[in-house]
2 protein chains.
Amino acid sequence: MAAARRSPRLKDVAEAAGVHISTASRALNERTAALLNPQTLERVRETADGLGYRVNGMARALKTRRSLSIGMVVPDITNPFFPPTVRGAEDVLDRAGYSLLLSSTDNDLGKARRQVAAMLESQVDGLLLAMALRDDPLVNELRSGNAPLVLVNRTIDRGGVSAVVPDDFHGALEAAEHLYSLGHRRLAFVGGPLATSNGARRRASFDQTVARLGLKEVAALEAVAFDEDAGYATAQDLLTRHPRVTGVVAGNDLLAIGIIAAAAERGIACPQDISVVGFNDMLLAGRLQPPLTTIRIPQYDVGARAAELLMSLVDDPDRNPETVLISGELVIRGSTAAPRAAD
Amino acid sequence: MAAARRSPRLKDVAEAAGVHISTASRALNERTAALLNPQTLERVRETADGLGYRVNGMARALKTRRSLSIGMVVPDITNPFFPPTVRGAEDVLDRAGYSLLLSSTDNDLGKARRQVAAMLESQVDGLLLAMALRDDPLVNELRSGNAPLVLVNRTIDRGGVSAVVPDDFHGALEAAEHLYSLGHRRLAFVGGPLATSNGARRRASFDQTVARLGLKEVAALEAVAFDEDAGYATAQDLLTRHPRVTGVVAGNDLLAIGIIAAAAERGIACPQDISVVGFNDMLLAGRLQPPLTTIRIPQYDVGARAAELLMSLVDDPDRNPETVLISGELVIRGSTAAPRAAD
DNA sequence: TTGAAAGCGCTAACAT
DNA sequence: ATGTTAGCGCTTTCAA
């Protein structure tokens with residue numbers, strides 16, 4: 001068994017096939033293959049296969065200034081929202097011939113900066129950013145840079161950057177109305193950080209909807225993160241200060257779980273004593289105890305649309321920024337019910 | 001506002017700083033910076049910062065033959081097992097200065113081949129493969145290639161390749177013994193594809209354990225995939241043919257969920273009528289209805305250890321292949337209970 | 001301590 | 001239809 005030798009390069013293929021290196025290059029490139037004599041073409045390709053030739057993408061990228069890779073930055077791939085989103089992006093990019101460079105930032109600006117820098121150094125052709133704050137220094141730096149950019153799931157206030165985001169406004173509205181229509185009159189909101197677009201928009205929508213329904217809002221609290229622990233902690237606060245609340249709109253499903261857990265700990269059962277609506281309809285939301293009533297956001301589509309938008313931006317960098325709103329729909333399950341008669 | 005110009009290259013920095021390009025290169029490289037006059041060093045670095053210089057990773061990689069990127073291939077990032085695993089790998093790689101190229105194959109060999117080819121073309125310095133079959137053509141091709149390789153979660157029968165896998169044998173043993181100790185005597189196994197190492201090993205362990213306990217195995221079925229649908233379908237079969245089974249060891253948590261759903265549909269309640277043990281302890285497993293009793297595998301560690309192993313292989317390609325077994329532990333929750341007295 | 005020059009592997013404009 | 005040549009942006013050996 002021969003030792004693994006250095007992999008063959010284009011020159012080796014050319015010599016083995018008895019043609020010039022540029023001819024070999026043309027033969028191995030879809031776009032230029034047509035220029036060649038069919039027999040030469042065939043011969044070069046066979047030789048390449050025989051040698052196990054594989055083009056060196058770095059050399060090609062250096063020359064063509066296209067790496068055929070895209071960088072995607074998420075807060076945490078471990079948050080159930082992101083795997084389907086990443087998968088959607090991946091599928092679209094794959095079909096377009098692009099690879100995906102992925103990293104998690106834990107909402108740490110320094111880390112995000114370093115990771116984006118590394119992506120830019122590796123010459124990604126575009127960036128999918130899912131960690132934006134409403135006023136995000138990193139996004140601001142990047143928007144004036146050369147790499148096409150699409151924001152995912154969250155966007156910035158000032159606009160001017162392409163983004164694919166859920167319809168936060170309509171979603172939170174539906175959630176509040178659902179509780180209202182079940183008979184709930186004492187509603188609260190436990191949302192994510194107001195520094196994020198979806199934290200702020202869902203909150204604003206809740207406030208407006210409650211006012212429009214003629215209710216007096218019990219409370220609207222801001223959890224420090226979109227996760228279970230933050231939901232739990234914030235709900236402790238809520239339930240201590242407003243024990244009579246019967247319906248809660250949560251900023252997302254993870255927060256909802258934390259809220260339900262905090263309630264349960266105080267003997268407040270969901271949905272008997274309190275109804276909670278989540279947001280996203282993450283994986284397994286319907287199999288939880290209780291099954292979550294939630295606003296379903298097609299997470300795969302969010303990623304896929306973002307990747308499509310990015311691809312069109314890569315093809316035409318002068319294209320105007322565009323924001324795509326992905327609509328959600330209410331999915332009624334077991335975490336909401338009519339309030340007790342006594343209420 | 002100035003239009004975005006071409007990004008500066010090393011030559012621009014050198015000229016602006018009034019030094020030769022090679023001096024600029026030395027200044028911007030940790031390893032060679034010590035060679036320079038401190039003042040020159042400082043001057044070059046400031047100039048580089050001022051220009052917003054960013055090294056072109058492709059050019060560097062072309063020269064150094066190191067891309068500082070690693071490719072990771074998983075069956076589906078949407079399967080809850082993988083996000084923590086990917087995250088573990090990502091964290092280790094990030095610390096080592098590497099980026100992660102990720103792709104999902106849907107257990108499709110052709111797709112996997114194309115994606116690995118793309119990664120190899122982009123000159124990844126190593127590969128993390130989480131989709132191996134026990135006899136995997138792609139792994140066989142790759143093992144003789146130049147890129148260091150570490151198998152994740154699943155390994156191949158013939159060995160000779162580094163791998164980080166859960167302790168399937170011990171895990172399935174604990175699961176079966178747990179059911180036995182609760183009083184169950186009619187046990188079945190619903191596992192994943194036998195073509196995978198964890199499908200086969202968990203099954204073998206179950207068989208042996210049941211025999212050792214002196215029980216007659218009710219059935220051992222092979223689901224077509226490690227997912228909920230396959231669990232549901234396989235459980236239909238199981239419950240039709242063996243309605244008296246009281247304890248089931250599932251190949252993983254998703255299969256367990258499908259099994260429980262199929263049972264519920266027939267009026268067989270978990271854990272009252274049937275006990276089910278999962279495998280992995282995926283995210284939210286404890287919040288499901290019922291909360292899953294399962295074998296907890298530290299998924300993050302699987303990915304982290306694999307990345308560490310790969311890094312050491314990158315540093316020393318002649319290092320001997322090594323298999324790391326990650327142990328699991330039984331986590332008892334609500335999907336298992338003593339069988340009904342009548343049994 | 002710095003400069004000169006070659007070359008990583010490839011593509012593409014130009015020449016034939 | 002194919003060959004010639006320059007050069008993408010960088011690192012590194014060699015020389016001074």
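Below, read A as the first sequence line, B as the second, and so on, with proteins coming before strands; counting in each chain starts at 1.
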Student: Determine, for B:R305 against B:E308, whether the closest basic-nitrogen to carboxylate-oxygen distance falls under 4.0 angstrom.
Tutor: yes
Student: Rounded to the Å, how far apart are B:R6 CZ and D:dC8 C1'?
Tutor: 10 Å
Student: Atom CG of A:L62 and atom C1' of C:dG7: how far apart are they, to the nearest Å?
Tutor: 12 Å
Student: Toward the 5' end of DNA chain C, which comes first, B:R43 or B:A59, by nearest nucleotide?
Tutor: B:R43
Student: Within the structure shown, what part of the strands sits under 4.0 Å from B:L36 by heavy-atom distance: base, sugar-phosphate, or nothing?
Tutor: sugar-phosphate
Student: Between A:E121 (CD) and D:dG9 (C1'), how many Å, whole number?
Tutor: 13 Å
Student: Using OP1 and OP2 only, check whether a side-chain N or O of A:R65 sits under 4.0 Å from D:dC8.
Tutor: no
Student: Return the 5'-most residue of the pair B:V19, B:T64 with respect to DNA chain C, ranking by each residue's nearest nucleotide.
Tutor: B:V19
Student: Is the shortest side-chain N/O distance from A:R9 to OP1 or OP2 of C:dG9 below 4.0 Å?
Tutor: yes
Student: If you compare every side-chain N and O of B:N29 against the phosphate oxygens of D:dT11 (OP1, OP2), does one of them come in below 4.0 Å?
Tutor: yes
Student: Quick one: is A:R66 getting a side-chain N or O under 4.0 Å of the C:dT11 phosphate, OP1 or OP2?
Tutor: no
Student: For residues B:P75 and B:F226, determine if any side-chain heavy atom of one lies less than 4.5 Å from a side-chain heavy atom of the other.
Tutor: no
Student: Check this for me, if you would: do A:R87 and B:D106 make a salt bridge, where the nitrogen-to-carboxylate-oxygen distance has to be below 4.0 angstrom?
Tutor: yes
Student: To the nearest 10 degrees, what angle separates the axes at the start and end of the helix from C:dT1-D:dA16 to C:dT16-D:dA1, five pairs each?
Tutor: 40°
Student: Taking side chain as C-beta onward, heavy atoms only, is B:E42 less than 4.5 Å from B:E46?
Tutor: yes
Student: From C-beta outward on A:N56, which listed nucleotide comes closest to its side chain: C:dG9, C:dT2, D:dT11?
Tutor: C:dG9
Student: Could you check if a side-chain atom of A:V302 sits within less than 4.5 angstrom of a side-chain atom of A:Q299, using non-hydrogen atoms only?
Tutor: no
Student: Do B:R26 and C:dG3 have a side chain to base donor-acceptor pair shorter than 3.5 Å?
Tutor: yes
Student: Of the candidate nucleotides C:dG3, D:dT2, C:dC10, which contains the atom at the shortest distance from the side chain of B:S22?
Tutor: C:dG3
Student: Just to confirm, is there a sub-4.0 Å distance from OP1 or OP2 of C:dG3 to any side-chain nitrogen or oxygen of B:T23?
Tutor: yes
Student: Give a yes/no on whether any side-chain N or O of B:R54 is located under 4.0 angstrom from OP1 or OP2 of D:dG9.
Tutor: no
Student: Any donor-acceptor pair under 3.5 Å joining the side chain of B:K63 to the base of D:dG9?
Tutor: no
Student: Grab the NZ-C1' distance between B:K11 and D:dT11 for me, whole Å please.
Tutor: 16 Å
Student: Answer yes or no: is there an ion pair linking A:R45 with A:D49, defined by an N-O contact shorter than 4.0 Å?
Tutor: no
Student: Whole-Å distance between C:dA12 P and A:R60 CZ?
Tutor: 9 Å
Student: Output the rounded distance in Å from NE2 (B:H20) to P (D:dG9).
Tutor: 16 Å
Student: When you check the phosphate oxygens OP1 and OP2 of D:dT2, does a side-chain N or O of A:T40 lie under 4.0 Å from one of them?
Tutor: yes
Student: Mind jotting down which residue pairs meet the side-chain hydrogen bond (donor to acceptor under 3.5 Å, both in side chains) criterion with at least one end in residues 150-164 of chain B? Sequence neighbours excluded, please.
Tutor: B:R134-B:D157, B:N140-B:R158, B:N153-B:N198
Student: Considering just the side-chain nitrogens and oxygens of A:S25, establish if one lies under 4.0 Å of OP1 or OP2 belonging to C:dT11.
Tutor: yes
Student: Can you check the B:I21 CD1 to D:dC8 P distance for me, whole Å?
Tutor: 10 Å
Student: Are side-chain heavy atoms of A:V86 and A:L100 found at a separation under 4.5 Å?
Tutor: yes
Student: Nearest whole angstrom, please: distance from the P of D:dT2 to the CD of A:E42.
Tutor: 13 Å
